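As structure tokens, the structure follows; a few thoughts come after it.
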Protein chains: 2
Amino acid sequence: MADDQLSRVLSALADPTRRDIVARLAAGDATVNELAEPYNVTVQAVSKHIKVLEDAGLVSRSRDAQRRPCHLEAEVFDLMTKWIERYRREAEDRFRRLDAVLEQMDGRADEQPVTGKSTKEEAS
Amino acid sequence: MADDQLSRVLSALADPTRRDIVARLAAGDATVNELAEPYNVTVQAVSKHIKVLEDAGLVSRSRDAQRRPCHLEAEVFDLMTKWIERYRREAEDRFRRLDAVLEQMDGRADEQPVTGKSTKEEAS
DNA sequence: CGCATATTCAACCGCTTGGTTAAATTCAAC
DNA sequence: GTTGAATTTAACCAAGCGGTTGAATATGCG
């Protein structure tokens, strides 16, 4: 479905098992069998999970006899953080502008206040 | 399928149309019809997309007559960045340690280095 | 009330996904 | 060359997803 890498990365990490695999690979490279051990699914299922991570560019593999050690490619995370930061910052800026506007018209609060109900917490 | 919020958030953002909706909401609140306009899918499809974003906690809605303005809840992004930062840092630390090891044994590079079969369990 | 607008609900469809079992492949080691 | 371990491929299945059309539900306006 998703053809761009960011979609593939997000989709890959949307699965808790795959996130756990990534977490374990962050602690060190591992083989498919090693990775499969803790979960109560077949090793074939884990092999598929790893393929998804590999297609997303999150994991690379070398060869060691029959083994195919998996290695985490952490740089791909930047794709996500860049996307996130961009729109979070945008949203925060807008929020700040809204605050400014509200502050500007402090006294006369007769207008309906935009999104209604509350300005809520602005904390990060 | 995914029952935890992080899974829901990542899964929601794995769709390019939904990411675009989020991007537009970062610039300001909007109604379902407004959001649906640029895409060549039905408004019902967009309504479903918004529901997915809402279930993930990324979007909240107020009421304005028949309209249901959508508002971006940017704090949820923290869920992702926290997860990402944790494991990226871990991977980078490991990388730094590996560098140190390689530096340590500089002269004798006859061993096959790289991912080496030595890493694995124990972890931290 | 009757009508138009905005949104959702329901049923359906084709494709993908995560899982399975069974068979094939790759490579070391005997 | 046979055995055995690690991994992938193939075929299949149930469930979920993104899309559709069509009907229902709110709500403001004459």
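Here the structure is a predicted model, which is why all the values come from computation and not from measurement. Hydrogens, waters and symmetry mates play no part in the numbers below; they use all other heavy atoms, side chains included. Order of the sequence lines fixes the chain letters, A, B, ..., with proteins taken first and strands second; residue numbering starts at 1 for each chain.
When atom types are taken as modelled, the side chain of R68(A) and the backbone of C70(A) share no donor-acceptor pair closer than 3.5 angstrom.
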Output side-chain donor-acceptor pairs under 3.5 Å for residues 17-26 of chain A, partner residues at least two apart or in another chain, one line each.
residue	atom	partner	partner atom	Å
R18(A)	NE	A12(A)	O	2.7
R18(A)	NH1	H49(A)	ND1	3.1
R18(A)	NH2	S11(A)	O	3.4
R19(A)	NH1	L13(A)	O	2.8
R19(A)	NH1	S7(B)	OG	3.1
R19(A)	NH2	D4(B)	OD2	3.0
R19(A)	NH2	S7(B)	OG	2.9
D20(A)	OD2	Y39(A)	OH	2.6
R24(A)	NH1	L35(A)	O	2.8
R24(A)	NH1	Y39(A)	OH	3.0
R24(A)	NH2	E34(A)	O	3.0

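Nucleotide dT16(C) holds its C1' atom 14 Å from the CG atom of D3(A), rounded to whole Å. In this structure, L53(B) places its CG atom 14 Å from C1' of dC17(D), rounding to the nearest Å. If you measure from atom CG of D15(A) to atom C1' of dC17(D), you get 15 Å, rounded to the nearest angstrom. The nearest whole Å value for the distance from the CD atom in E34(B) to the P atom in dT5(C) is 16 Å. In this structure, D29(A) places its CG atom 18 Å from P of dA6(D), rounding to the nearest Å. One can place CZ of R68(B) at 10 Å from C1' of dA26(D), the figure rounded to the nearest angstrom. In this entry the distance linking CG of D55(A) with P of dT8(D) reads 12 Å, nearest Å.
For the pair T81(B)/E85(A), a side-chain contact is recorded, criterion being any heavy-atom separation below 4.5 Å from C-beta on. Inter-residue side-chain proximity for I84(B) and I84(A) is flagged as met; some heavy-atom pair is nearer than 4.5 Å.
Of the nucleotides present, dG1(D) is the one that pairs with dC30(C) by Watson-Crick or G-U wobble criteria, both distances under 3.5 Å.
Each salt bridge (Lys or Arg N to Asp or Glu O under 4.0 Å) pair with one or both residues in residues 40-56 of chain B, not counting sequence neighbours, appears once here: K51(B)-D55(B), E54(B)-R61(B). Residue pairs meeting the salt bridge (Lys or Arg N to Asp or Glu O under 4.0 Å) criterion with at least one partner in residues 74-83 of chain A, sequence neighbours excluded, are D78(A)-R88(B).
Residues from residues 37-50 of chain B placing a heavy atom under 4.0 Å of any atom in DNA chain C, listed by number, are Q44(B), S47(B), K48(B).
N33(A) has a side-chain polar atom (N or O) that falls below the 4.0 Å cut-off from OP1 or OP2 of dT7(D). Within the 4.0 Å cut-off from OP1 or OP2 of dT8(D), at least one side-chain nitrogen or oxygen of R61(A) is found.
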Quick test: give all pairs of protein nitrogen or oxygen and nucleotides 27-30 of chain D nitrogen or oxygen below 3.5 Å, distance rounded to 0.1 Å.
residue	atom	partner	partner atom	Å
dT27(D)	O2	Q66(B)	NE2	3.3
dG28(D)	O4'	Q66(B)	NE2	2.7

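Criterion: ILVMFWY side-chain heavy atoms under 4.5 Å apart, direct or through other members. Under it, V52(B) and V43(B) are not part of a common hydrophobic cluster.
If you check every strand for non-hydrogen atoms under 4.0 Å, T31(A) touches sugar and phosphate atoms only.
Interatomic distance, CD of E73(A) versus OG of S60(A), reported as 3.5 Å (0.5 Å rounding).
The residue among E54(B) and T17(A) whose nearest nucleotide of DNA chain C lies closer to the 5′ end is E54(B).
In this view, F77(A) satisfies the ring-ring contact (aromatic ring centres under 6.0 Å, His included) rule with no residue, not counting sequence neighbours.
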